[in-house]
Protein chains: 2
Amino acid sequence: MVTIADVARHAGVSPSTVSYVLSGKRAISAATRERVAASIKALGYHPHAGARALASSRANVIALVVPLRTDMHVPILLQIAMAIVTAARGHDHDVLLLTNDEGTEGLHRVARSALVDAVIVMDVELHDPRAPVLRELGLPSVLIGFPADPAGLTCVDLDFSAAAGLCVDHLADLGHTGVALIGPPAGVLERGTGFARRTLSGFEEAAARRGLRTLVRPCETAHEAAWATAKELRTEHPEITGLVVHNEPTVPPLLEALRGLDVTVPGDLSIVAMGPQDLSAAVSPRLTMVPIPAEEMGRRAVELLMGKLNGDDRVPGSTLMAPRLMAGDSTAPPPPR
Amino acid sequence: MVTIADVARHAGVSPSTVSYVLSGKRAISAATRERVAASIKALGYHPHAGARALASSRANVIALVVPLRTDMHVPILLQIAMAIVTAARGHDHDVLLLTNDEGTEGLHRVARSALVDAVIVMDVELHDPRAPVLRELGLPSVLIGFPADPAGLTCVDLDFSAAAGLCVDHLADLGHTGVALIGPPAGVLERGTGFARRTLSGFEEAAARRGLRTLVRPCETAHEAAWATAKELRTEHPEITGLVVHNEPTVPPLLEALRGLDVTVPGDLSIVAMGPQDLSAAVSPRLTMVPIPAEEMGRRAVELLMGKLNGDDRVPGSTLMAPRLMAGDSTAPPPPR
DNA sequence: GGCGGGCGTCGAAGCGCTTCGATTTCGCAA
DNA sequence: TTGCGAAATCGAAGCGCTTCGACGCCCGCC
């Protein structure tokens, strides 16, 4: 193993000088700096992570807690996780992967053992048991999603209320007067993931503002449920000409059911969905949608965390990311009556 | 922070004794052991990970390299990753998440800095640039998937050849005499992911052994491609009554296309798929399939790695996991002619 | 010409743990 | 009672790094 002493000897300086070159915490003359840099390269030196952590009480590692069982779309989860790793590397940090099967004990462990110096928690529920633990540990943290009581915590999420509003406005602008929200299965709402409620209220509010008639349907993912929903829409609610679907896996079977019922999209019915961006291209017609900005969420979470790590106490407690609507081919003016 | 000295004082022993209680590397009397354990609990002591790594030159962390761009089904990827984390925790190790956007440099970095003491690499390609790096670093490692030249490396994967054989045998047992392999898009084969070829050869071999007529079709995921494939099968290859689908995302559109063409499954056509287990229940009819044992693969990879970490040099270089066929409702004897 | 003050560098003291030899203790045979 | 080996415990030396105070040097100023 190459140590800092080896580098120092090679460059003809003291170990502390090498350390200062590396950290930039003291002024070093350009000449020395370059000589040391050359020695580092020549010897292929990498500081020993453990020694560094011990001496500086900074591990330069953050923990990422990923749920085992999730309400989120799995590919999105991975996208966010990857974005977090990439962003963390950009700030010279690595990412330790934690699951929930150790329970909150895992959080205690990595924090108390100084394995990590900050935490990002994904897929937060309304009454998430991890929230109080984070408060208690007093370790910098960022949650992706909002618990019921976010006091004292830093949270990031898509502004689902605004997203639903964007969908409604888009349909209203096209001339639709009756819109439905096809939400996630009823269970999700009850289990207490905040975003479902926020979507709902944003939907209702925007519809009221635009004077639209509304309908709200949870919908299971299964094939049959999609058909039932499609049929009900056509027979019992002909006034509904625009759909806001906030339930990604339902989209393909729903489209199939509509096709089966000879309902054309967007001729007879317009659809705008909220979900992972890649869904748009995966179905036909190409979906108009409000994508979940996974990459951006991950990046932002890391930026907030780094702010807290650097002792910046102006880090906002709540960050709602602005949604954008991506036009596709699944929305058009309603059919003439 | 609670240190080992605090625990020692509290228990009335020396720090080294506490260390030996923790590691079990020397005999400690039951009385002392219990007293120390009580002190540890009372003070909530967790050893400082960095200090431990420094002194013992063992970080008790393994790196998991996850591809950014993947040929694997994403949920499977995550399942394997989670299984790895869980299994690693079972061996008192944590998992550091690495992406490939640092290139192989990231591997160098975490290895040379002693951040991790072993590596698991996922989604290995035939000419994977990480393979030579792993050999060179001389750090215990396990690959999930096989490179073209696995010499000197430890690899784990599903036995895709046997899996394809299992599918063919199942169809042959039911009386089918003409079977087709619906494989991944052509690009995948060329890009050099070994499993596609192994599936192909297993398929051909088993079919030859059973005297079946065969057809091999790559198939894109898109809706249109699925329809085209379905139509071609019915019009040009009526002798084909059994399908082996090794291309998970194609299954739903393919089923839809067949339904659209009034081909019943399994009445007119039997389908057996290789892919993530959860696919089976997600479509109708419930699929007969050879699931990819994500959980088991992750666990096995960790076990092999721990073997290498403990200096066990009987760790096999190659581990092919035996496939199992799960009967569903998508296969039946072929229709009478 | 002397002196104060940066700037650049060094030396040494830990950070908390493991580990190895040394030391103590104990049980038991002589 | 003494001696001896095994069992149990201790003390101290690092592991490789950061950091803080100290030091030397050179420059500019009076």
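All chains are named by letter (A, B, ...) in the order of the sequence lines, taking the proteins before the strands, and each is independently numbered beginning at 1.
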- Do the side-chain N or O atoms of A/Ser29 get closer than 4.0 angstrom to the phosphate oxygens (OP1, OP2) of C/dT9?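 Looking at the OP1 and OP2 atoms of C/dT9, one of them is under 4.0 Å from a side-chain N or O of A/Ser29.
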- Query: For C/dT9, does either OP1 or OP2 sit under 4.0 Å from a side-chain N or O belonging to A/Ser14?
  - Reply: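 No.
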Under 3.5 Å side-chain donor-acceptor pair for [X] and [Y]:
X	Y	result
A/Thr17	A/Ser14	yes
B/Ser39	B/His10	yes
A/Ser29	A/Thr32	yes

- Message: Once you apply a heavy-atom cut-off of 4.0 Å, does B/Ser23 come out as touching a base, just sugar-phosphate, or nothing?
- Response: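 Nothing, no heavy atom under 4.0 Å.
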Rounded to the Å, how far apart are [X] [atom1] and [N] [atom2]?
X	N	atom1	atom2	value
B/His46	C/dC17	NE2	C1'	16 Å
A/Ile4	C/dT9	CD1	P	15 Å
B/Leu43	C/dG16	CG	C1'	15 Å
A/Arg35	C/dG8	CZ	P	14 Å
A/His48	D/dG14	NE2	C1'	13 Å
A/Leu115	C/dG16	CG	C1'	14 Å
A/Lys25	D/dG21	NZ	P	15 Å
A/Arg52	C/dG16	CZ	P	18 Å

Options [options], nucleotide nearest the side-chain atoms of [X]:
X	options	answer
A/Ile28	D/dT9, C/dT9, C/dC20	C/dT9
B/Leu54	C/dC10, D/dG16, C/dT9	D/dG16
A/Val13	C/dC10, C/dT18, D/dA8	C/dC10
B/Ser19	C/dC15, D/dT9, C/dT19	C/dT19
A/Ser16	D/dC17, C/dG16, C/dA12	C/dA12

Side-chain-base donor-acceptor pair under 3.5 Å for [X] and [N]:
X	N	answer
A/Tyr20	D/dC20	yes
B/Arg26	D/dT9	yes
A/Arg112	C/dG16	no
A/Tyr45	D/dC17	no

- Task: Please examine the side chains of B/Leu158 and B/Pro293, heavy atoms only from C-beta on, and report whether any two atoms are closer than 4.5 Å.
- Result: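 Counting from C-beta outward, B/Pro293 and B/Leu158 do come under 4.5 Å.
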- Earlier contact from the 5' end, DNA chain D, for B/Ser56 and B/Arg33: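 In this pair, the answer is B/Arg33.
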- For A/Cys155 and A/Pro147, which heavy atoms make the closest approach, and how far apart are they?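 Between these two residues, the closest heavy atoms are SG-CD, 3.8 Å.
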- Query: Between B/Glu105 and B/Arg109, is the closest basic N to carboxylate O distance under 4.0 Å?
  - Reply: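 Judged by the 4.0 Å cut-off on N to carboxylate O distance, B/Arg109 and B/Glu105 do not form a salt bridge.
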